[in-house]
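Letters go in sequence order (proteins before strands), and every chain restarts at 1.
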Number of protein chains: 2
Amino acid sequence: MENESTATSLKLFIVLSRAYKAINEHVNKVIQAAGLNPTEFAVLELLYHKGDQPLQQIGAKILLASGSITYVVDKLEHKGLLNRIACPKDRRVIYAHISDDGKKLIQDIFPEHAEQIDKLMSSLTEEEKTAAIELLKKLGLSAGKF
Amino acid sequence: MENESTATSLKLFIVLSRAYKAINEHVNKVIQAAGLNPTEFAVLELLYHKGDQPLQQIGAKILLASGSITYVVDKLEHKGLLNRIACPKDRRVIYAHISDDGKKLIQDIFPEHAEQIDKLMSSLTEEEKTAAIELLKKLGLSAGKF
DNA sequence: TATAATAATTTTGAAATCGAGATATTTAAA
DNA sequence: TTTAAATATCTCGATTTCAAAATTATTATA
């Protein structure tokens with residue numbers, strides 16, 4: 001442990017990991033109870049809230065390797081929750097488009113999902129949450145650049 | 001989205017997830033460059049810093065299923081980085097004990113590991129890190145209780 | 001226009017993880 | 001003491017993920 005900064009950073013890393021894992025453990029239960037795994041939910045929710053996305057963009061946004069995207073999108077397509085749509089401008093590109101069933105599923109799950117997250121965060125005041133958001137945003141953005 | 005609190009909580013969840021993943025991605029590279037995967041590192045580091053542990057305790061501490069513990073400990077044992085030691089008091093229990101080679105490896109990796117985490121956190125001031133630690137500690141503890 | 005470099009997706013094989021069940025041991029209860 | 005319940009580890013099969021290579025399409029360059 002070379003210096004003070006390193007010690008603080010290590011501690012931050014530990015509490016960040018613990019908080020993430022503790023929260024995620026609970027969040028995943030709600031999602032899995034709906035018959036999706038966390039990755040499938042992340043993809044569907046992205047499409048629901050942000051509209052059609054090229055597969056590659058999905059991978060970039062939820063941090064998943066290209067091969068895994070193919071796998072997850074296949075599964076969601078087989079379940080009838082999304083469709084692949086060829087891009088007319090660039091034939092390398094394939095868009096994922098959420099289906100009506102997919103929309104219904106997200107509409108079913110999302111309120112409970114949001115409510116649970118709010119419950120899990122309820123130990124912080126609004127001001128503390130806002131402060132945490134700013135700090136973590138800065139951290140995530142700069143860490144992403146290395 | 002029912003209310004203001006929920007919206008803030010969802011945003012916090014998102015930035016928390018992204019920060020965690022962005023940081024972890026880099027941290028894992030250092031570990032993998034040393035020939036370990038993140039779980040193997042977590043086990044060895046636990047043994048290094050906290051001493052011998054029953055396999056079951058390892059699983060509890062790094063949140064891994066029993067079947068996975070067997071798998072990871074097997075790998076570390078084959079690499080000569082730890083040994084299984086039978087508990088004389090309770091013949092169901094097996095301790096994992098870090099070997100001299102395992103100690104050497106952690107001593108090799110840990111400084112760089114710590115330095116990299118410090119670098120990844122360098123966009124925050126010491127005060128900001130301390131603030132983030134407090135907020136995340138509170139969050140992780142309360143989320144763990146649900 | 002060819003050719004090469006870049007880009008998006010898919011394929012493939014290997015690794016990591018989980019959950020359920022199997023085995024062995026210990027503890028508690030009848 | 002015998003039985004039942006609980007505990008620790010391991011085995012097995014299935015799922016999820018990644019990394020590298022393959023395929024197809026586009027863009028830039030000679």
>> For A:K119, is the NZ atom crowded, meaning more than 12 foreign heavy atoms sit under 6.0 Å from it?
In response: no
>> What's B:I69 touching, base or sugar-phosphate or nothing? Going by heavy atoms closer than 4.0 Å.
In response: nothing
>> Please pick, from D:dA8, C:dT17, D:dC18, the nucleotide with the shortest atom-to-atom distance to any side-chain atom of B:L64.
In response: C:dT17
> Has the side chain of B:R92 got a donor or acceptor that lies under 3.5 Å from a partner of the other kind on the base of D:dT7?
Replying inline: yes
> Base, sugar-phosphate alone, or nothing: which one does B:I58 contact when heavy atoms must sit under 4.0 Å apart?
Replying inline: nothing
> In whole angstroms, how far is the C1' atom of C:dC18 from the NZ atom of A:K29?
Replying inline: 14 Å
>> Would you say B:I62 ends up clustered with A:I14 if hydrophobic residues are merged whenever their side chains have heavy atoms under 4.5 Å apart, either directly or through other cluster members?
In response: no
> Within this structure, what is the CG-to-P distance between B:D74 and C:dT17, rounded to whole angstrom?
Replying inline: 14 Å
>> Whole angstroms only, please: what is the CD1-P distance between A:I94 and C:dT9?
In response: 6 Å
> Do A:S66 and C:dT10 have a side chain to base donor-acceptor pair shorter than 3.5 Å?
Replying inline: yes
> Just how far, in rounded Å, is P of D:dA8 from CD1 of B:I85?
Replying inline: 18 Å
> Just how far, in rounded Å, is P of D:dT9 from CD of B:Q53?
Replying inline: 11 Å
>> Could you tell me how far apart B:L55 (CG) and C:dT25 (P) are, to the nearest whole angstrom?
In response: 16 Å
>> Rounding to an integer number of Å, can you tell me how far B:K89 NZ sits from C:dT27 P?
In response: 11 Å
>> Check this one for me: any side-chain N or O of A:K75 less than 4.0 Å away from OP1 or OP2 of D:dT15?
In response: no
> Side-chain donor-acceptor pair under 3.5 Å between A:H97 and A:N83, yes or no?
Replying inline: no
> Atom CD of A:Q57 to atom C1' of C:dA7: distance rounded to whole Å?
Replying inline: 12 Å
> Cut-off 3.5 Å, side chains only: do A:K61 and A:Q53 have a donor facing an acceptor?
Replying inline: yes
> Considering only side-chain heavy atoms of B:S68, which listed nucleotide, C:dT17, C:dT9, D:dT9, is closest?
Replying inline: C:dT17
>> If you assign A:N37 and A:D90 each to the DNA chain D nucleotide with the nearest heavy atom, which residue ends up on the more 5' nucleotide?
In response: A:N37
> In terms of side-chain heavy atoms of B:T39, which of C:dT17, D:dT17, C:dT9 is nearest?
Replying inline: C:dT17
> Parallel, tilted or perpendicular: which describes the rings of B:H49 and B:F110, with under 30° parallel and over 60° perpendicular?
Replying inline: perpendicular
> Taking the six-membered ring for Trp, are A:Y20 and B:Y20 parallel (under 30°), tilted (30 to 60°) or perpendicular (over 60°)?
Replying inline: parallel
> Looking at the side chain of A:Y71, which of C:dT25, D:dT17, C:dA16 is the nearest nucleotide?
Replying inline: D:dT17
> Looking at the side chain of A:V72, which of C:dT9, D:dC10, D:dT17 is the nearest nucleotide?
Replying inline: D:dT17
> For DNA chain C, whose closest nucleotide is more 5', that of A:Q32 or that of A:R84?
Replying inline: A:R84
>> I want to confirm an ordering. Mapping A:A65 and B:Q56 to their closest nucleotides on DNA chain D, which one lands closer to the 5' end?
In response: B:Q56
